Amino acid sequence: MSTETAPTADRVAAPPPAGWEEARSRVYAVGLAAALPAVARPLADIDGSTLAEPLTTRTDLPAFPTSSVDGWAVRGAGPWRVVGRVLAGSTPAPLTEADTTVEIATGAMVPEGATAVLRVEESTTADGLVHGTPRETPEWRQPGEEAYADEELLPAGTPVDPAVIGLAASCGHDTLRVRRAPRAALLVFGDELLTAGPPAAGRVRDALGPAVPAWLRRYGCQVRQSDVMGPVADTLPAHVAALRSALASADLVCTTGGTMNGPVDHLHPTLEALGADYVVNTVAVRPGFPMLLARLADPDGRIRFVAGLPGNPQSAIVALVSLVAPLLAGLQGRSMPVLPQATLAEAVPGRGDHTHLALVSLDRAAGTASPVRHVGSAMLRGLAGADGFAVIRPGTRGEPGDRVPIVPLPLLPGERAS
């Protein structure tokens, strides 16, 4: 590493770390206060977005009486004389004469004047007449049976997935107003990092440069390859220049490494040089302790954020799920993520006065969580086989049978947990 350091006079004693739950709440609140603007997008382009306005129906659903079965729309007691056919997509003439019927297809509009729909499999024909007994329960869907015109179906803040897209289409929408996707960038710090080939000769392979953008995309961010920069030289001027450049187009810049106050850790002096305010500066969580989130406000009111992730790979992912996930929920106008719970299948140690986020795999059928192996701060093997982190609160340990919160690893946009 370079021996250039920030001036000693600029270094001040770090404040006490924030509690993990407090930190999550704090970053969510600042994200929600800076929620991104609404934009209109075609339905085909909004999977993984967030509704900026409630989803309402443009008409009754269904908009007209709709046959639930293939059969006969009849008028009167029968038997019935056939006077026509109604297929889906057509507008039928009214049935005006007693004891008349039209053949009708599933999904077709029931003609005005019909008193019942007779199922085809429960009918017979003889002498040009249709015979049978309609069921007492109507065999058509009434207008408004699913929803009435202008009824609110989903609130603003709802994540958009394929089911929401299909519902919006059925309501007659071609576009929806959704929150603009957050734009994110990544700065990788550390002269010791290699970007290709195996680690050797005191240098380690950068695992976060390729991985963090993929995690951010799963949280709904837009990250281009050109938004990933590094390794950035271990000098203060290089850090300031790189962060200023990334902030020019990004709503959120994540950095890796440099979150402590060591002789070649330049993130804190860089944030000071750019006029950033700390939202959270270190969190009482293990692994991942030296993490931070800072806020920058331009004179024109534009708000941007910097998430300082530790350099150790698993610690960096802990910072992502702890600070970045709730921040992005706020920026997208979503509710604070509610953590599911699972029953511990094995004991999990505590971490004293810090929250312990312990990597676990889930047995969803049994509702249990089991700790995985290879979970050191610098290890990624355990993470690759895990489903999330069990939350062991300060001053406690997890015992088999305990119900504990689970911080899930992010899914693909629009994907639902099984």
Side-chain angles (χ1 to χ4, degrees), residues 16-32 215 218-219 259 279-293 307-310 312-330 334-411 416-418:
W20 183 75
E21 292 180 342
E22 174 197 353
R24 291 181 76 240
S25 297
R26 199 185 299 174
V27 299
Y28 172 74
V30 298
L32 188 61
W215 290 117
R218 290 186 174 222
Y219 282 123
T259 52
V279 179
V280 172
N281 186 5
T282 72
V283 179
V285 62
R286 299 288 184 176
F289 167 78
M291 64 178 72
L292 64 87
L293 187 85
L309 315 181
N312 275 330
Q314 193 198 148
S315 293
I317 306 309
V318 169
L320 275 174
V321 302
S322 299
L323 298 184
V324 175
L327 173 75
L328 290 173
R334 299 185 179 186
S335 300
M336 178 70 163
V338 176
L339 302 182
Q341 294 202 338
T343 301
L344 290 179
E346 302 174 32
V348 178
R351 290 295 188 96
D353 58 357
H354 283 54
T355 297
H356 182 197
L357 292 194
L359 277 172
V360 293
S361 61
L362 299 178
D363 182 335
R364 290 182 171 85
T368 58
S370 300
V372 301
R373 300 177 58 197
H374 308 291
V375 294
S377 294
M379 297 180 181
L380 289 174
R381 183 175 174 182
L383 183 70
D387 297 299
F389 297 87
V391 180
I392 310 300
R393 292 191 167 92
T396 69
R397 57 176 282 118
E399 301 292 351
D402 286 351
R403 294 283 290 175
V404 297
I406 302 294
V407 183
L409 293 171
L411 301 169
R416 289 178 172 175
S418 59

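As the structure is a computational prediction, the values presented were derived from the model and not from experiment.
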Side-chain contact test, heavy atoms from C-beta onward, threshold under 4.5 Å: evaluate it for [X] versus [Y] and give yes or no.
X: M336; Y: L32; result: no
X: H354; Y: V285; result: no
X: V283; Y: P17; result: no

Given 3.5 Å as the limit, does a donor-acceptor pair link the side chain of [X] with the main chain of [Y], or not?
X: N312; Y: Q314; answer: no
X: T259; Y: P290; answer: yes
X: R26; Y: V279; answer: yes
X: T396; Y: I392; answer: no
X: H356; Y: P349; answer: yes

Apply the side chain to side chain contact (heavy atoms under 4.5 Å, CB included) test between L339 and each candidate in V404, I406, V407; give the one that qualifies.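 Output: one option passes, namely V407.
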Could you go through the side chain to side chain contact (heavy atoms under 4.5 Å, CB included) check for T282 and L292 one step at a time? CA-CA 5 Å; T282 72; L292 64 87; over 6 Å; no
Rounded to the nearest 0.5 Å, how far does [atom2] of [Y] lie from [atom1] of [X]?
X: S315; Y: L357; atom1: OG; atom2: CG; answer: 10.0 Å
X: R218; Y: L328; atom1: CZ; atom2: CG; answer: 15.0 Å
X: L359; Y: S370; atom1: CG; atom2: OG; answer: 12.5 Å
X: D402; Y: Q341; atom1: CG; atom2: CD; answer: 10.5 Å
X: L409; Y: Y219; atom1: CG; atom2: OH; answer: 7.0 Å
X: L293; Y: L309; atom1: CG; atom2: CG; answer: 10.0 Å

Quick one: is the NZ or CZ of R286 closer than 6.0 Å to the six-membered ring centre of F289, and within 45° of its axis? yes
Exercise: identify the closest heavy-atom pair between [X] and [Y]:
X: G385; Y: S361; result: O-CB, 3.9 Å
X: V372; Y: G382; result: CG2-O, 3.8 Å
X: R364; Y: D387; result: NH1-OD1, 3.9 Å
X: V27; Y: P326; result: CG2-CG, 3.6 Å
X: R24; Y: S322; result: CG-O, 3.3 Å
X: P287; Y: V318; result: O-CG1, 3.1 Å

Atom CZ of R397 with >12 non-hydrogen neighbours under 6.0 angstrom: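 For R397, atom CZ is crowded (more than 12 foreign heavy atoms under 6.0 Å).
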Side chain to side chain contact (heavy atoms under 4.5 Å, CB included), that's the test. Do V324 and W215 meet it? Break it down for me. CA-CA 10 Å; V324 175; W215 290 117; over 6 Å; no
